Amino acid sequence: MDDLLNEAFIERCKSGDKEALSTLLATIQKPVYNLCLRLLQHREDARDAAQESLLLICRAIPQFRGHSKFSTWAYRLATNHCIDRMRKRKWTTVPLEPHAEVHSEGAIPWRGNGPEGEVIRKETGKKVREAIAALPEHYRTVVALYHLDDLTYSEIADVLNLPKKTVETRLYRAKVMLRESLRDLSEKGEPLP
């Protein structure tokens, strides 16, 4: 994504080039939606949040200074928007739905073949998603950005406007919490991702 969104291209968007802006939106639409879906865990809310985030990005693009990658900047706007939505609704838990768009990329590996292996993989994946959804918001956000969106610690720090060490600490604590909540899976001999 960042290869296409180079400095010259972003300058075209800033200057009001409608074709460039259309290309920009087409390029970032799916990653922004997937981020919103991972954070909000609800398709309709994610769709709305993605639309609103894209609008925010379009309006704010003249303020993009290029101090970070464009994708990091766009993720920061979308993440902040999702966090604002969660706070307004005062969500303490999130509804769980299987999301094919999100989980097909990060499918739970399972060595078993056939229908039994598939059932076990799906059940394990469901339990992992439930455990991630049960994390406090600040841990869930870091886990989503790191493991699902493949951002580096530095990129997450930029997106969330946090020190890099705080990101590392939150990710470590989230892993400890997940390990504890998924302990029953490993005790049953089921594979953990």
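The chain is numbered in sequence order, starting from 1. Remember, it's a predicted structure, so these values are computed and weren't measured experimentally.
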Value rounded to 0.5 Å, distance of [atom1] in [X] from [atom2] in [Y]:
X: S181; Y: L135; atom1: OG; atom2: CG; result: 7.0 Å
X: K69; Y: S154; atom1: NZ; atom2: OG; result: 10.0 Å
X: D45; Y: M86; atom1: CG; atom2: CE; result: 10.5 Å
X: L171; Y: T166; atom1: CG; atom2: OG1; result: 12.5 Å
X: E123; Y: K126; atom1: CD; atom2: NZ; result: 6.0 Å
X: R129; Y: R38; atom1: CZ; atom2: CZ; result: 12.0 Å

With no hydrogens and no angle check, is any side-chain donor or acceptor of [X] less than 3.5 Å from a backbone partner on [Y]?
X: T27; Y: T23; answer: yes
X: E155; Y: T152; answer: yes
X: T141; Y: H138; answer: no

I'd like to know if [X] pairs up with [Y] as an ion pair, taking the criterion as any Lys NZ or Arg NE/NH1/NH2 lying under 4.0 Å from an Asp or Glu carboxylate oxygen.
X: E137; Y: R140; value: no
X: D158; Y: R76; value: no
X: E168; Y: K165; value: yes

Residue pair P31 / Y75: nearest heavy atoms and the distance that separates them: CB-OH, 3.7 Å
Residue pair L182 / A131: nearest heavy atoms and the distance that separates them: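 What the structure gives for the nearest pair is CD2-CB, 3.8 Å.
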Hey, does [Y] have a side-chain heavy atom less than 4.5 Å from the side chain of [X]?
X: R85; Y: C36; result: no
X: L37; Y: H42; result: no
X: Y146; Y: Y153; result: yes
X: I132; Y: Y139; result: no
X: L162; Y: R170; result: yes

With sequence neighbours excluded, residues passing salt bridge (charged side-chain N to carboxylate O under 4.0 Å, His left out) with K175: none
Verdict with supporting geometry, L145 and L160, side-chain contact (heavy atoms from CB on, under 4.5 Å): CA-CA 10 Å; L145 292 172; L160 299 177; 4.1 Å; yes
Reference residue L151; test side chain to side chain contact (heavy atoms under 4.5 Å, CB included); the match among L35, T72, I156: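 That would be I156.
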Heavy-atom neighbours of E11 CD exceed 12 at 6.0 Å: yes
Could you list the donor-acceptor pairs under 3.5 angstrom formed by side chains in residues 53-68, with sequence neighbours left out?
from: S53; atom 1: OG; to: A49; atom 2: O; distance (Å): 2.7

